[in-house]
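Convention: sequence-line order gives letters A, B, ...; per-chain numbering from 1. Quantities reported herein were computed from a predicted structural model and do not represent experimental measurements. Scope of the values below: all heavy atoms of this structure, side chains included, with no hydrogens, waters or symmetry mates.
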Number of protein chains: 2
Amino acid sequence: MLTETGLNGPPIVNRMCAVPKPDSFDNVTADDVAVAAGVSRWTVNRAFKKDASISPKTRARVITAAQSLGYVPDLSAAALASTRSNLVALLVDDFANPHKLVMLERLTRALRSRGWDTLLVNTLDREDTAPALMNASQRRVDATILIGIQFDDEVLATALGARRFKKLIIFARTSQNPNTISIAVDDEAATREIAHYVIQKGYRRPLYVAGPETVSAHLLRKETFATIWQDRFGVVPDSVSVARYDAMLAEKVALEALQGRDAASLPDVIVCENDALALGVVDTIRHRLGLRVPEDIAVIGFDDVPQAESPNYRLTTYRQPLTQMSNYLVDVLESPDTTNLDRKFLGSMVVRDSA
Amino acid sequence: MLTETGLNGPPIVNRMCAVPKPDSFDNVTADDVAVAAGVSRWTVNRAFKKDASISPKTRARVITAAQSLGYVPDLSAAALASTRSNLVALLVDDFANPHKLVMLERLTRALRSRGWDTLLVNTLDREDTAPALMNASQRRVDATILIGIQFDDEVLATALGARRFKKLIIFARTSQNPNTISIAVDDEAATREIAHYVIQKGYRRPLYVAGPETVSAHLLRKETFATIWQDRFGVVPDSVSVARYDAMLAEKVALEALQGRDAASLPDVIVCENDALALGVVDTIRHRLGLRVPEDIAVIGFDDVPQAESPNYRLTTYRQPLTQMSNYLVDVLESPDTTNLDRKFLGSMVVRDSA
DNA sequence: AAACTGTTTGCACGCGCGTGCAAATCATGT
DNA sequence: ACATGATTTGCACGCGCGTGCAAACAGTTT
């Protein structure tokens, strides 16, 4: 029987066998590369820095040495030593909206292709927003990006009160808060375009389906639509509000709003704050009310999610220039300025069959 | 007129005015809290550590001081100093599949609620997988999680060759690679259940719609289905492959596979590797072929994405226990073991109207 | 009261790299 | 060959915290 414990014999040998050279090759640092390349450590790090002052041959020599040793610079240490981390936090709370996946893709693509890493923070619930912001700040992020709905003035105050927030960016949503940077589509212009389309197509009994209300950051769509409609026809259009951007919930709310009405009192067009709602509305019209889209009730969305294109929905909607917006976001990150960075973008209407 | 420049006078005063105390309040460190609370810096950090050896009163005093100063521990520095970062990288390449959004939500929820942060890395294209892995390693992640399709043996070799990968987890997909940890649904059991359902419902002319092929990580669904069918009926069922998990593309492929056939040669059921494909297939059956689901052709999916429940699709599908899988993933992260961590989970069939 | 045990606190050193400047090297013109 | 300016390289110090151990302290027993 082998002596497994050290009780009846010297355990030292055993231990040495068990741990010969544990992870002798896992921490290749710039120093190691430096001796291999015959330069100083600082030169090694320069070789990996974008436009550092280093001669091409030295850089080549260093890179070669680094590759043979398997060295890559440690961004974690770099972040600690400098004031920049090239890291941003992305706070999301609204995972029911399929458009979020598109936004995530576009944002992470733009960020990564320009050297930025993304910390994805799931804002678990309403109360968790402030902790989530704290969490982000603990990782020394250069900016925090909000793409959701659960943030109000109080939360923003917390965020801005906490230090280390170099930039607080509200993406795809308009904020009046002077301390945040808002990168969004021009909701008023977009809604104007939608409203004119609705009017021009001859619809006269619109129902507006809005999403949840927020305090600090707005989609001005509903208000703009109401104003335009009132200016033109003297009446405020009907509207209902859905507590989440969730097709399933929109379905229920739309059903409650529409069932039991006779044909004359039904709307002839339903304008939705976004596609997530619109898809649910279309389903309700067809499968709960047994009516046709657009013949009985037309539907208009916003965002142009992938499914909007499917032959099943063929949703008329409005597309935000997400790629452009994402690229501008990276511009903002790289800009030394801290003010006057807000920007609105113009999207384009996508006319399909639903209206 | 005031002397604005230092040209005709001592500029020192001016400078001091311009920069009184620039950002004197942005870097609150543990040392600051230490003097405020009358303890050593180490005690301060202990107060913020889960089960550190510290007396309750001292902790309370420190926390109070910390709050009034707005201090939070710097995880970036903590990661540098220790061997753990409580950070994982999540590599995603497959943003067309709506199920990814669900997975992202479940994973980030489980991770964050147990103190882990998530680095979301968008694997831009096939060639970018290795750089993406490198990128992750540069941030000292404790583990890298792969939830996508674009990784083959070569890429895994690169990943495993690079150091600093404590754990390489393949989520929702089975891998045979002994150096990875695979957390997935039991595809064989699931497919068996699906196949038996198909047989029991009397379908006899199945078409299998598979996704892209990968080398290292498999969904064993197609193979299992084929085997079962052959064992039972002596023939290998028809199948087609879609290059991406994308409803739009599945639509096209399905159309090519089905159009021009007469009723007798059409399949009576289409079994899809996942819902992303199934949704496209349903659309094709209805809107391109003008047939009914399930009366003319039944459809079965996999994943139970949110839309599967919509009255429009009512998709019969198979649900993975994502929450359970995500929690197990965190268990794995927190486990000191490095082997024998693979695990398969049983999901459950969700029978709706499409089959 | 002394001795003992278990708990709490303090500290030297290092994690890997950036900043800012000084020293060294190179390229060019006379 | 020498001076001049431009480019390249080296280095002291610090970023904020963790590890592991030793010192100090509190609580209990004889």
Test applied, salt bridge (charged side-chain N to carboxylate O under 4.0 Å, His left out); reference residue, A/Glu334; option that passes from A/Lys166, A/Arg84, A/Lys167, A/Arg114: A/Arg114
Angle by which the axis turns from one end of the helix from C/dA1-D/dT30 to C/dT30-D/dA1 to the other, five pairs per end, to 10 degrees: 30°
DNA chain D contacts made by residues 29-38 of chain A, counting heavy atoms under 4.0 Å: none
A/Arg173: salt bridge (charged side-chain N to carboxylate O under 4.0 Å, His left out) partners, not counting sequence neighbours: none
For B/Glu127, all residues meeting salt bridge (charged side-chain N to carboxylate O under 4.0 Å, His left out), sequence neighbours excluded: none
Selection from C/dC17, D/dG10, C/dG10 that lies nearest to any side-chain heavy atom of B/Ser40: C/dG10
Nearest-nucleotide pick for A/Val39, side chain only, options being D/dG10, C/dT9, C/dG16: D/dG10
A/Thr118: partners by side chain to side chain donor-acceptor pair (under 3.5 Å), with sequence neighbours left out: none
By ring-ring contact (aromatic ring centres under 6.0 Å, His included) - contacts of A/Tyr328 (at least two apart): A/Phe345
Residue list, salt bridge (charged side-chain N to carboxylate O under 4.0 Å, His left out) with A/Arg106, at least two apart or on another chain: none
Residue pairs passing the ring pair (Phe, Tyr, Trp, His ring centres under 6.0 Å) test where at least one lies in residues 27-54 of chain B, sequence neighbours excluded: B/Phe48-B/Tyr71
Quiz item: B/Trp42 side-chain donor-acceptor pair to D/dT19 base, under 3.5 Å: yes
Set of side chain to side chain contact (heavy atoms under 4.5 Å, CB included) partners for B/Ala110, sequence neighbours left out: B/Ser326, B/Asn327, B/Val330
Residue whose closest nucleotide on DNA chain C lies nearer the 5' end, B/Ala81 versus B/Ser55: B/Ser55
With B/Asp342 via salt bridge (charged side-chain N to carboxylate O under 4.0 Å, His left out) - residues at least two apart: none
Minimum-distance nucleotide to B/Arg140 side chain [options: C/dG16, C/dC17, D/dT9]: C/dG16
Most 5' of A/Arg46 and A/Ala77 on DNA chain C, judged by nearest nucleotide: A/Ala77
Summary of ring pair (Phe, Tyr, Trp, His ring centres under 6.0 Å) pairs that have at least one residue in residues 107-139 of chain A, sequence neighbours excluded: none
Length of the NZ-P vector between B/Lys49 and D/dG18, whole Å: 6 Å
Check: A/Asn122 main-chain N/O paired with B/Arg109 side-chain donor or acceptor under 3.5 Å: no
Pair of N/O donor and acceptor under 3.5 Å linking D/dG18 base with B/Arg84 side chain: no
What protein N or O atoms touch nucleotides 23-28 of chain C N or O atoms at under 3.5 angstrom, if any, and at what distances?
none

